[in-house]
Protein chains: 2
Amino acid sequence: MADQDTFDLQSFLPYLLNQAAEASSLDFQSVYKGRYGMLRNEWRVLFHLGMYGRLTASDIRDRSGLHKTKISRAVQRLAERRFLTRVRDEQDRRAEHLELTAQGQAAYRDLRKIAKDYDDALAEMLGDEDVAALRRMLLRLAQRVS
Amino acid sequence: MADQDTFDLQSFLPYLLNQAAEASSLDFQSVYKGRYGMLRNEWRVLFHLGMYGRLTASDIRDRSGLHKTKISRAVQRLAERRFLTRVRDEQDRRAEHLELTAQGQAAYRDLRKIAKDYDDALAEMLGDEDVAALRRMLLRLAQRVS
DNA sequence: GCAGATTCGTTGCATGTGTAATAGTTGGAT
DNA sequence: ATCCAACTATTACACATGCAACGAATCTGC
């Protein structure tokens with residue numbers, strides 16, 4: 001038949017990507033969830049503020065591609081728990097500047113260290129494979145789409 | 001400082017994996033959603049039944065790693081829309097055998113063709129990179145976790 | 001100045017999700 | 001035979017999600 005093409009679900013890139021992403025996400029999730037009671041979006045917002053300093057919600061959206069409602073809700077929870085502060089921009093009173101508190105920075109540094117170790121462990125697990133090529137390909141796949 | 005380690009969120013493997021997976025999933029989603037009104041989990045169940053024939057919900061869970069409630073709900077919707085039939089196992093009346101209808105098989109063949117083309121397009125986009133190595137690494141990452 | 005379009009961020013709503021509890025069935029130990 | 005543990009699949013519930021609508025503030029063209 002014409003459609004007895006070689007097609008294996010286990011080799012289909014979107015499927016493989018999802019499996020790998022979900023596995024590593026669930027695995028790493030236990031860290032920030034267990035230590036700080038954070039959810040995935042809160043961890044992401046925390047990391048952006050930790051890496052780039054003071055940002056608005058829109059800045060974070062542009063950099064991360066996260067949906068604005070996810071950011072809004074993550075910021076709300078992070079503020080309640082005193083991981084960040086919100087300061088209204090007096091030049092443009094629609095915008096709010098977000099900045100980590102000392103507690104937020106401490107959590108960021110702690111989690112960053114763990115993330116780095118975890119990343120190293122993944123790279124080591126891949127052994128003699130070309131991890132740099134993997135990152136390069138993932139980046140292209142992430143940036144590519146319509 | 002000790003924690004001025006080189007750490008870049010954009011290179012963090014779980015983050016990159018998520019970005020790439022979400023991008024390709026959203027992109028491919030438009031196909032099965034647009035053509036058959038299917039959701040992601042329904043597409044996955046359909047593919048498993050299309051590739052491996054008659055299976056129970058537990059079989060699909062073991063092969064796919066999908067959560068059992070996702071499978072239960074996907075099967076429900078696929079059955080309502082006449083993509084599959086459910087047959088109680090008379091030897092073990094807890095289990096149900098799931099099988100694609102002619103309509104389900106037609107949808108599967110159609111989507112499989114599109115999936116293959118899409119996969120080929122992704123591979124071509126990665127150009128001279130080693131796509132086989134990419135699949136190998138993703139598979140190891142997916143299988144590895146705790 | 002002013003009206004309409006645009007932007008920032010939040011919220012209402014319908015839908016999707018995982019955890020835990022459930023009903024029904026089977027298998028195993030005594 | 002009977003009781004209890006294990007298994008299959010579904011459902012209830014609380015929570016996360018994305019879309020659309022929204023209020024407030026700003027910008028644009030005139």
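Order of the sequence lines fixes the chain letters, A, B, ..., with proteins taken first and strands second; residue numbering starts at 1 for each chain.
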Taking only side-chain nitrogens and oxygens of [X], does any of them come within less than 4.0 Å of OP1 or OP2 of [N]?
{"X": "A:H67", "N": "D:dC19", "result": "yes"}
{"X": "B:R88", "N": "C:dT25", "result": "no"}
{"X": "A:K68", "N": "C:dC8", "result": "no"}
{"X": "B:S72", "N": "D:dA9", "result": "no"}
{"X": "B:Q76", "N": "D:dT11", "result": "yes"}

Once you apply a heavy-atom cut-off of 4.0 Å, does [X] come out as touching a base, just sugar-phosphate, or nothing?
{"X": "B:R77", "value": "nothing"}
{"X": "B:I71", "value": "nothing"}
{"X": "A:R86", "value": "sugar-phosphate"}

Looking only at the side chains, is there a donor atom on one of B:D27 and B:S24 sitting less than 3.5 Å from an acceptor on the other? no
Check whether the side chains of B:S25 and A:N18 place a donor and an acceptor atom closer than 3.5 Å, and report yes or no. yes
Can you find a donor-acceptor pair, distance only, under 3.5 Å between A:R73 side chain and D:dG18 base? yes
Under 4.0 Å between a Lys/Arg side-chain N and an Asp/Glu carboxylate O for A:D59 and A:R63? no
Give, ordered by number, those residues of residues 42-58 of chain A having at least one heavy-atom distance below 4.0 Å to an atom of DNA chain C; if nothing qualifies, reply none. A:T56, A:A57, A:S58
Would you tabulate the nitrogen or oxygen pairs shorter than 3.5 Å linking the protein to nucleotides 24-28 of chain D?
residue, atom, partner, partner atom, Å
D:dT26, OP1, A:Q91, O, 3.4
D:dT26, OP1, A:R93, N, 2.9

